[in-house]
Peer 1: 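Have a look at the structure that comes next, please.
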2 protein chains.
Amino acid sequence: MTEQLQTTRRVLIVDDERAIREMVCLALSSEGFRCLEASDAHKAGSLLREQRPDMILLDWMMPGISGVDFARSLRRKEETRDIPIIMLTAKVEEEDMIRGLESGADDYLTKPFSTRELVARINSLLRRTGGHAENTVLQAGSLHLDMSAHRVSCQGSVIDLGPTEYKLLRFFMENPERVYSREQVLNNVWGDHVYVEERTVDVHIRRLRKALEPFEHDQLVQTVRGAGYRFSAFR
Amino acid sequence: MTEQLQTTRRVLIVDDERAIREMVCLALSSEGFRCLEASDAHKAGSLLREQRPDMILLDWMMPGISGVDFARSLRRKEETRDIPIIMLTAKVEEEDMIRGLESGADDYLTKPFSTRELVARINSLLRRTGGHAENTVLQAGSLHLDMSAHRVSCQGSVIDLGPTEYKLLRFFMENPERVYSREQVLNNVWGDHVYVEERTVDVHIRRLRKALEPFEHDQLVQTVRGAGYRFSAFR
DNA sequence: GAATATCATGACAATATTGTTACAGTTGCA
DNA sequence: TGCAACTGTAACAATATTGTCATGATATTC
């Protein structure tokens, strides 16, 4: 089953050749990835901070700072350490592949490469790592939702939730202090295409509340009559 | 985690391929390690005496003396006995890994490996051993997995595991408190390329649980419905 | 306060997911 | 060669989850 709450993957491509960037972007966007382009390390840096990509495609040879140096600098910083890197190199020798990897790249690709190959590598890498899981813990009061452990707990006790309740809570904790109509909840948690009765949301809200009930005294999941539901730490 | 004050670690890399040595050196120096290179066992021997490295990366196949023999000879001498060794091997068979470990290696890595993997293993080993030591043991409650002995035990009793169950447990103990989908487990434990049914994971999980069952009362290997499996000390 | 709209709750059958076992094909080894 | 251990699959059993409905509760409006 497809995980509904997952955002589209963002891939940052850093290459000084515009043609390469365009080719990659075209290939990736048709595969459902979101593409970020940078022609040099400096632009890459700011995109990196603003957009937090899930993966980086990095040219080995760039004017100015080399891909290798850039990769190495990424590995030094805590917040970028875990982002998978695929190195792009025009050279073919074994030697170069190894140097590419040495800098901390997870994989490499030799130009010219086919888009199929590129996509295959990206997917393979994402399959192994499960993507770049940043900000893994959501918190509201004493309620914790750990995405990487896929676990919800409160005051030390684990709260057992079914898959839908988990996704529901995650959605709300990611978007607190905001009302969502049943339709919006369905679109966000169930997915756009699936059709289920709107009332179904009520039932799952109920199940979620029931699971949280023993721990939270303030009603975190609130009913907004005529509008929908809201997750809020305030009454 | 406790951050410890530590001097620069010295890592000796013994490999006849210059490219490999360079890759490793670059990767490690960017991680703050000091790197010592040797292309053969003889040079390794003198570096070993002069520099007293904290860890050795050893090629399995070298012209002249083999990595296995070299490792064994290190284990015989008092002053080198306690230096952790990671064996580098191009082979993939289980058998080879075991032979590598029997010679006294604490861990092994199959070429080609990514530098992230290498750095992760080194850090993991150093964390466990505190720099120099013989206990390369993963621990969860009373459950012990000794990598250097390739043995799992609990409360003094040895737990007999098949190769796959061992790798599975090791993977989980190295990555606890985190859910892995069946696909991710396959990619990490079986390997990226092999294709086996996802449900195969279930069966091996079952076998692993069965083997652990007599010893652990808390379910260490937990099912996360709709998401995968998780190894955790908490309920 | 009655009429009405909206939401809460519990029950239930259908479905999906996971657990468990058996078995056949391999492989290494005596 | 025969044995024993190990693997991957399929089939079936056991559970957990899901969506819907019927009915009761609560707020809103006039």
Side-chain angles (χ1 to χ4, degrees), chain A residues 1-4 150-152 158-171 179-187 189-191 193-213 219-231 235, chain B residues 91-99 102 150 152 158-171 179-187 189-191 193-213 219-231:
Chain A
M1 194 216 280
T2 28
E3 192 66 28
Q4 297 299 347
H150 204 278
R151 176 164 43 202
V152 178
V158 171
I159 300 176
D160 209 51
L161 295 179
T164 306
E165 282 70 62
Y166 176 85
K167 281 187 276 190
L168 193 56
L169 178 60
R170 173 176 160 178
F171 168 66
V179 193
Y180 288 94
S181 70
R182 293 173 171 68
E183 190 183 349
Q184 285 175 310
V185 172
L186 282 178
N187 287 333
V189 177
W190 273 254
H193 45 293
V194 239
Y195 176 71
V196 290
E197 290 292 327
E198 291 204 341
R199 290 267 154 259
T200 299
V201 175
D202 298 30
V203 179
H204 282 280
I205 289 282
R206 153 73 177 154
R207 285 167 182 162
L208 177 56
R209 280 174 172 163
K210 201 171 187 176
L212 299 183
E213 195 172 87
Q219 187 95 308
L220 284 175
V221 181
Q222 302 164 358
T223 304
V224 183
R225 210 177 168 84
Y229 295 96
R230 171 182 56 202
F231 183 90
R235 290 247 344 114
Chain B
K91 314 245 186 122
V92 287
E93 296 94 284
E94 186 70 11
E95 193 62 23
D96 292 324
M97 169 194 108
I98 293 176
R99 279 215 212 121
E102 272 173 0
H150 202 272
V152 178
V158 171
I159 300 176
D160 210 51
L161 295 179
T164 306
E165 281 69 62
Y166 177 84
K167 281 187 279 190
L168 193 56
L169 179 60
R170 171 175 165 168
F171 168 66
V179 198
Y180 288 93
S181 69
R182 296 175 214 300
E183 191 182 357
Q184 285 176 312
V185 172
L186 283 178
N187 288 325
V189 176
W190 273 253
H193 45 291
V194 270
Y195 178 70
V196 289
E197 289 293 325
E198 290 203 343
R199 297 294 259 99
T200 299
V201 174
D202 298 31
V203 178
H204 283 279
I205 288 281
R206 151 78 175 151
R207 286 167 181 160
L208 177 57
R209 279 174 173 163
K210 202 170 186 176
L212 299 183
E213 195 173 86
Q219 187 95 308
L220 285 175
V221 181
Q222 301 166 357
T223 303
V224 183
R225 211 158 231 267
Y229 295 96
R230 170 180 58 203
F231 184 91

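Proteins get letters first, then strands, A, B, ... in listed order; numbering begins at 1 in each. Every heavy atom of this structure was used, including side-chain atoms; hydrogens, water molecules and symmetry mates were not.
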Peer 1: Under 4.0 Å between a side-chain N/O of A/Tyr229 and OP1 or OP2 of C/dA8, yes or no?
Peer 2: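 So the side-chain polar atoms of A/Tyr229 do come within 4.0 Å of the phosphate oxygens OP1 or OP2 of C/dA8, strictly under.
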Peer 1: Rounding to a whole Å, what distance do you find between B/Leu168:CG and D/dT7:P?
Peer 2: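 Rounded to whole Å, this separation is 11 Å.
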Peer 1: Quick check for you: to the nearest 0.5 Å, what is the distance between A/His204 atom NE2 and A/Arg199 atom CZ?
Peer 2: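 Here the rounded value is 13.5 Å.
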Peer 1: Should the ring pair B/His150 and B/Tyr166 be called parallel, tilted or perpendicular, given that the plane angle runs from 0 to 90° and is split at 30 and 60?
Peer 2: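 Rings of B/His150 and B/Tyr166: parallel, as their planes differ by under 30°.
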Peer 1: Return a single string for nucleotides 15-21 of chain D, one symbol per nucleotide in 5' to 3' order, where B is base contact, S is sugar-phosphate-only contact and - is none, cutoff 4.0 angstrom on heavy atoms.
Peer 2: BSSBBBB
Peer 1: What is the distance from CD1 of B/Ile205 to P of C/dT18, rounded to the nearest Å?
Peer 2: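 These atoms are roughly 12 Å apart.
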Peer 1: Taking CG from A/Asp202 and C1' from D/dT23, how many angstroms apart are they, rounded to a whole number?
Peer 2: 14 Å
Peer 1: Starting at CZ of B/Arg206 and ending at C1' of D/dA14, how long is that distance when rounded to a whole Å?
Peer 2: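 Atom-to-atom, B/Arg206 to D/dA14, this comes out as 13 Å.
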Peer 1: Could I get the full list of side chain to side chain donor-acceptor pair (under 3.5 Å) partners for B/Thr200, not counting sequence neighbours?
Peer 2: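 Residues passing side chain to side chain donor-acceptor pair (under 3.5 Å) with B/Thr200: none at all.
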Peer 1: Nearest 0.5 Å, what's the CZ-OG1 distance between A/Phe171 and A/Thr164?
Peer 2: 14.0 Å
Peer 1: Taking for each residue the nucleotide of DNA chain C with the nearest heavy atom, is it B/Thr223 or A/Ala227 whose nucleotide lies nearer the 5' end?
Peer 2: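 This one resolves to A/Ala227.
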Peer 1: Can you name the ring-ring contact (aromatic ring centres under 6.0 Å, His included) partners of A/Tyr229, sequence neighbours left out?
Peer 2: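 With sequence neighbours excluded, A/Tyr229 shows a ring-ring contact (aromatic ring centres under 6.0 Å, His included) to no residue whatsoever.
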Peer 1: Checking B/Arg209 side chain against B/Val221 main chain: does a donor-acceptor pair fall under 3.5 Å?
Peer 2: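 Judged by distance alone, yes, a pair lies under 3.5 Å.
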